[in-house]
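Along the sequence shown, the residues carry numbers beginning at 1.
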Amino acid sequence: MHRLSRHPVGISEGMISYGLGWNETTLLNKAMEANRPFGCHECYSVMTSPPPMHLHGSNLVVRQDLENQIGWDIGNLDGSALIAEDLVFGLAAYLKFGKDVFG
């Protein structure tokens with residue numbers, strides 16, 4: 001929140017918060033998941049060199065007005081619901097707002 005308050009962007013990466021089953025996971029699993037957004041080179045690359053090739057949707061921080069403009073009703077592909085809606089959302093944001101939407 002400190003970073004975003006000083007450098008507001010539309011889409012950023014934040015911490016991952018898993019509620020269900022978190023207490024039952026091993027310490028190793030918790031350590032790996034907790035460090036993923038801070039040690040993931042791909043996450044850093046997406047935020048500094050868009051367009052995104054992938055996005056971890058579980059830790060996206062999206063400004064509400066931007067989210068309302070794009071929406072999450074991504075649709076279907078060949079009659080099946082898209083399962084990579086976080087990536088499709090990121091690509092839509094890139095196309096609509098340009099590379100400066102990420103940070």
Side-chain angles (χ1 to χ4, degrees):
M1 290 188 304
H2 178 75
R3 166 89 175 133
L4 288 175
S5 68
R6 293 184 175 0
H7 305 283
V9 293
I11 298 175
S12 186
E13 300 267 353
M15 64 180 243
I16 298 175
S17 178
Y18 296 111
L20 299 175
W22 180 256
N23 292 328
E24 289 79 34
T25 62
T26 66
L27 183 59
L28 178 60
N29 187 32
K30 289 177 184 176
M32 289 171 46
E33 287 298 318
N35 288 310
R36 180 171 60 143
F38 302 105
C40 177
H41 176 72
E42 288 82 15
C43 292
Y44 175 79
S45 180
V46 165
M47 294 299 142
T48 58
S49 302
M53 297 300 173
H54 83 285
L55 283 175
H56 292 154
S58 55
N59 62 318
L60 281 182
V61 178
V62 181
R63 213 175 58 220
Q64 183 178 357
D65 63 318
L66 184 137
E67 185 174 3
N68 289 342
Q69 289 181 53
I70 296 173
W72 287 98
D73 186 13
I74 303 299
N76 297 318
L77 178 65
D78 294 332
S80 298
L82 289 171
I83 58 171
E85 73 281 353
D86 42 7
L87 175 59
V88 176
F89 180 86
L91 290 171
Y94 176 80
L95 290 173
K96 187 166 187 156
F97 299 105
K99 68 179 185 173
D100 292 334
V101 75
F102 295 94

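- Counting heavy atoms from C-beta on, the side chains of Ile70 and Phe97 come closer than 4.5 Å.
- A pairwise comparison of heavy atoms in Leu60 and Asp86 identifies CD1-CB, 4.5 Å as the closest pair.
- Nearest heavy-atom pair across Leu66 and Ala93 is CD2-CB, 4.5 Å.
- A chain of hydrophobic side-chain contacts below 4.5 Å, direct or via other Ile, Leu, Val, Met, Phe, Trp or Tyr residues, connects Ile11 to Leu95.
- In the hydrophobic clustering of this structure, Tyr94 groups with Val62; members are Ile, Leu, Val, Met, Phe, Trp, Tyr whose side-chain heavy atoms approach within less than 4.5 Å, directly or through other members.
- Going from atom OG of Ser12 over to atom CZ of Arg63 covers 11.5 Å, rounded to the nearest 0.5 Å.
- Minimum interatomic distance between Glu67 and Phe89 (heavy atoms only, all atoms of both residues): CA-CZ, 4.0 Å.
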